[in-house]
Structure formats: structure tokens, C-alpha cells
Amino acid sequence: MSEPASPQVPPADASTEPAPPARFDTLPLDPKLIRAVADSGYLTMTPIQAKAIPIVLQGRDVMGAAQTGTGKTAAFSIPLLQRMLKHENPSVSPARHPVRALVLAPTRELADQVAENVKKYAKHTQLRSVVVFGGVDMKPQTAALKAGVEVLIATPGRLLDHIEAKNCVLNQVEYVVLDEADRMLDIGFLPDLQRILSFLPKQRQTLLFSATFSPEIKRLAQSYLQDPILVETARPNQTASTVEQRFIAATDDDKRAIIKQILKERSIRQAIVFGNSKLGVARLARAFERDGLRTAALHGDKSQDERLKSLDAFKRGEMDVLVATDVAARGLDIADLPAVFNFDVPFNAEDYVHRIGRTGRAGASGLAVTLVTKSDARLIADIEKLIKRKIELDTFEVAPERPRYDRRPRDEGVEREDRPVRVAPPALRAPVKSADPFFDKPYEASTRDEPPAWEKAKAAAPVKGLSSYIKPKKQVAALFGAKKPAPAES
DNA sequence: AAAAAAC
């Protein structure tokens with residue numbers, strides 16, 4: 001059971017309080033849209049919505065950068081629907097309904113989610129939408145396309161399939177949206193994207209949205225836009241201020257124990273744990289499962305059916321933990337997610353921003369914990385640079401685990417029965433490595449050639465704990481009869 | 001060092 005939301009209110013910091021947020025019903029929108037927005041429970045606009053919607057309504061191209069979880073989907077779908085309603089083209093025979101708006105997303109789940117939102121906002125209108133993505137039967141998609149849709153939401157691969165099968169014609173597209181635009185423009189997606197864009201009319205309105213835009217991507221994006229307006233709220237590449245970000249020095253052996261302990265000590269209802277590889281994620285999910293956590297896994301080696309089931313079960317609260325690759329890093333809106341863990345430090349700093357953006361959405365508070373090993377020094381430096389924040393590494397002492405069952409093979413002649421055998425995990429027989437002060441100094445983004453900063457800090461730094469989590473040192477020492485040796489001084 | 005997206 002989840003605890004009642006804590007009544008704590010952030011300290012009043014009225015110094016930078018801007019004008020009260022504008023309401024949706026002040027916008028020049030069709031009553032059908034106003035009604036749909038009201039139905040969905042939204043009253044006032046987020047900053048990105050307040051800035052972007054009027055510009056999209058003017059018909060301008062937009063590059064929109066806003067923090068994660070601030071309503072970018074509504075920022076483009078509502079004004080696009082409005083434009084489609086306003087410019088309902090009577091010259092097009094009712095029998096022919098060409099695709100007028102195309103929204104592209106980098107993952108199937110995200111495409112699905114965007115489609116749900118579009119449907120929600122379009123529900124009182126005649127505009128029809130459909131989503132197409134891979135991993136599922138093409139036939140229902142084909143039928144829907146042939147019946148005619150005004151708004152098409154898609155992932156690139158399957159859309160190309162439909163184009164080649166002549167299931168849809170895109171030469172009447174008036175509006176294009178690239179959701180998670182920087183990802184869509186990256187090297188892995190670019191060829192498919194260019195191919196798709198080649199089927200579209202040159203004369204169109206194009207919208208690019210993401211929480212992160214690197215300077216290179218910004219430059220590249222210019223070539224797909226006409227006289228665009230850059231809409232930014234706050235600084236780009238930023239993480240929500242409501243998310244508590246922690247970086248903890250760990251070893252590969254400690255990581256899972258640290259996560260479990262934090263979940264327990266903070267009574268965290270649900271969390272996403274990100275890993276860098278599909279195999280690693282699958283293994284980690286099985287391990288959490290063995291630990292008794294209700295665990296769902298989400299990665300590209302799973303069937304689409306399994307992927308959707310995992311995500312749904314997690315969203316419904318039937319799972320404690322969702323272990324995922326970066327397929328879940330972007331865009332996914334999971335209401336009230338209290339915490340995100342990075343079991344692995346992401347390879348791209350941008351993905352760090354997106355991953356932790358799954359928590360602290362819509363102004364809620366959230367916790368983001370990244371587990372850092374020695375070999376992650378470079379990646380941490382990249383993240384520091386991107387989010388323009390000094391990263392300090394906390395240390396963490398893992399509480400002793402309950403006795404484990406003996407896993408030694410039978411032929412060792414060990415009594416196996418149900419008798420638990422105390423097998424101290426290697427990391428706990430000696431003082432745990434993560435409690436070593438080597439990581440304790442504020443980490444300095446160092447150059448490759450220099451020894452990393454923690455090497456220098458190793459000898460001198462006192463252990464500074466993550467006070468809210470840390471176990472009293474005594475407890476560990478008492479249980480394992482190990483005392484922390486003085487730093488080797490030779 | 002990877003993941004994602006088509007069959």
C-alpha cells in the first residue's frame with residue numbers, strides 16, 4: 001500500500017513567481033477541443049504549452065525544448081487538431097481522407113502513448129487517428145489506414161512498410177511532428193526518417209519536440225524546418241528541480257543490494273531500474289524476481305505483446321519494479337512514479353536526462369539514484385557537463401542480507417534440505433567496497449590521461465555517508481567481524 | 001562498452 005502523500009510543501013520561494021498560468025479556455029480553440037481538454041482534467045497550461053501552442057496555431061515551424069514531464073504532447077497535438085479543424089478542406093471528397101498530420105516517435109510504446117493522447121483530445125471531433133508500429137499484426141493497421149485517417153502516429157520502420165505496401169499516401173500531409181526529435185535525428189534513425197520525409201510535401205508545418213537538443217542536432221534540425229521559432233522553457237537539457245538526484249559509488253556486486261535497501265528504507269512504492277543492455281536487464285529482472293520483488297522487464301528482445309503487458313502491469317501498480325533498457329527512457333508517462341534507478345550509467349548523457357525524467361513528472365517529487373563504478377568516470381563527466389551540475393558521489397554501506405540458501409552443487413555432499421546456510425556475499429565479508437572513501441570527494445571531470453580524482457581522494461577523505469540511508473558502521477562490523485582497515489599507507 | 005526501429 002502506498003503511503004499517503006506527505007503533506008510537505010516546498011519552501012515558499014516567491015522571489016521568481018511569474019504571472020499566474022494561463023488557462024486552456026483562454027485559447028482561441030474550437031469548443032470541441034476545449035471540452036476534450038476539460039474532460040481530461042487540465043485547466044491551466046504548462047510553460048511549454050503556453051509558449052508553443054499560440055505559435056503552432058499561427059502555422060509556424062517550431063523547435064520546442066522543455067523539461068521532461070511538462071506536457072509536450074499536448075503542446076503540439078492540441079494546436080494541430082485546431083488547425084486541422086479550422087482548415088477542414090471541403091474540396092476533398094468525404095470518401096477520400098488523406099493523412100493530414102503525421103507524428104513520428106522513436107519507440108513503439110511512445111507512439112502508442114502519443115496516439116492515446118491524440119485520441120483523447122480529438123474525441124469530440126470527426127478527426128480520426130491511428131497508430132502503426134512494428135511487432136504486431138499489420139492487418140488491423142492496414143484496414144484502419146484504408147478506411148481513412150487524418151492523423152497518423154507511427155514508428156519509422158513500420159510506417160515505411162505501409163508506405164511500400166501502398167496502404168497509405170502521405171502526399172497530402174500538412175503537419176509533421178518529430179517527438180523526441182533529437183533521437184529521431186540521430187544516426188540510427190536518420191536514414192529511415194529521411195526516406196519518410198521524402199514522401200511528404202515540401203510545403204508543410206514541421207514541429208520538433210524534445211527535452212534535450214545538442215548543438216549539433218539543433219543545427220541539423222534547421223535543415224528540416226522553415227524559418228522555425230525556437231521555443232524553450234527554462235534551460236534545455238535540464239532535469240526537473242523536483243527530482244532528488246543521487247550518485248552512489250558502488251561495485252557491480254553491491255548494486256542490487258543497494259537498490260533493494262533504498263527501496264525498503266524509503267518505502268518506495270514503485271521504481272524503474274534502467275540497465276544498458278538487453279541481456280543485463282533480463283538477468284537483473286530475474287534476480288529481482290528471486291528477491292521477491294514483483295518485477296516486470298521491458299526491452300527489445302521481448303515480443304511486443306510481452307512489452308505491452310509488462311508496461312501495463314507496471315502502470316496498474318501490479319509490479320514493484322520495472323527493469324528496462326533505454327526503450328523506456330524517453331517520453332513514457334507513468335503517473336506518480338516515485339523513483340528511478342540507473343543500475344548502469346547511461347552511455348549518452350542525454351539519456352540520463354530522459355531516464356530520470358520518468359519521475360518527478362508534472363511537478364511531483366521524485367528520486368533518481370545512479371550507481372557509479374570506477375569505470376564510469378568518463379560517463380559521469382559527460383553528464384556533469386550536460387546538466388551543468390557538479391556531481392558528488394555518496395557512499396553507501398550495504399546492510400547485511402538475510403541468510404541465503406546454499407547453492408553449492410549436490411556432489412559436494414552438502415545437506416541441502418531447507419536449511420538456510422549463511423553465505424556472506426563476497427562484498428560483505430570484507431568492508432564493502434562502496435563504503436570506501438575513494439569516491440567521496442566531489443568528482444572532478446578529469447581528463448583521460450590524469451588519474452581520476454577519486455584516486456587522489458582515496459587516502460585522505462573521511463567516509464561521508466548518504467545519511468538518510470546509511471547503516472551505522474557498527475552494525476556491519478559487528479555482524480561480519482570486520483573492521484574497516486585504515487587506508488593503505490605505504 | 002548499447003538500444004531502438006521492419007519482416
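Naming: A, B, ... by sequence-line order, numbering from 1 per chain. On a predicted model such as this, the values are computed, not experimentally measured, just so you know.
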Find the distance A:Asn348:CG to B:dA2:C1' and express it as a whole number of Å. 9 Å
Aromatic centroids of A:Phe347 and A:Tyr352 separated by under 6.0 Å: no
Take atom CZ of A:Arg108 and atom C1' of B:dA5, then tell me their distance rounded to the nearest Å. 7 Å
Heavy-atom closest contact (A:Ala249 atom, A:Leu393 atom, distance): N-CD2, 4.1 Å
For A:Asn276, which contact category applies under a 4.0 Å heavy-atom criterion: base, sugar-phosphate, or nothing? sugar-phosphate
Respond yes when some side-chain nitrogen or oxygen of A:Arg307 is under 4.0 Å from OP1 or OP2 of B:dA4, and no when none is. no
Out of B:dA6, B:dA5, B:dA1, whichever nucleotide has its closest atom nearest the side chain of A:Phe347: B:dA1
Go through the structure and list residues passing side chain to side chain donor-acceptor pair (under 3.5 Å) with A:Arg389, not counting sequence neighbours. none
Tell me: CG of A:Asp182 to P of B:dA3, nearest whole Å? 19 Å
Can you measure A:Leu160 atom CG to B:dA5 atom C1' for me and round it to whole angstrom units? 10 Å
N/O (side chain, A:Thr155) to phosphate O (OP1/OP2, B:dA6) under 4.0 Å: yes
Tell me what A:Gly188 touches on the nucleic acid: a base, only sugar-phosphate, or nothing, going by heavy atoms under 4.0 Å. base
Check the phosphate of B:dA4 against A:Thr325, side-chain N and O only, distance under 4.0 Å to OP1 or OP2. Yes or no? yes
Six-ring centre of A:Phe343, A:Lys255 cation under 6.0 angstrom, axis tolerance 45°: yes
In whole angstrom, give the distance that lies between atom CG of A:Leu379 and atom P of B:dA1. 13 Å
A:Phe133 side chain, from C-beta outward: closest of B:dA3, B:dA6, B:dA5: B:dA6
To the nearest angstrom, the CD1-P distance between A:Ile153 and B:dA5 comes to 17 Å
Across all chains, not counting sequence neighbours, the side chain to side chain donor-acceptor pair (under 3.5 Å) partners of A:Arg108 are A:Gln304
Interatomic distance, A:Leu104 CG vs B:dA6 P [rounded to whole Å]: 11 Å
Atom-to-atom span, OH of A:Tyr352 to P of B:dA3 - whole angstrom: 21 Å
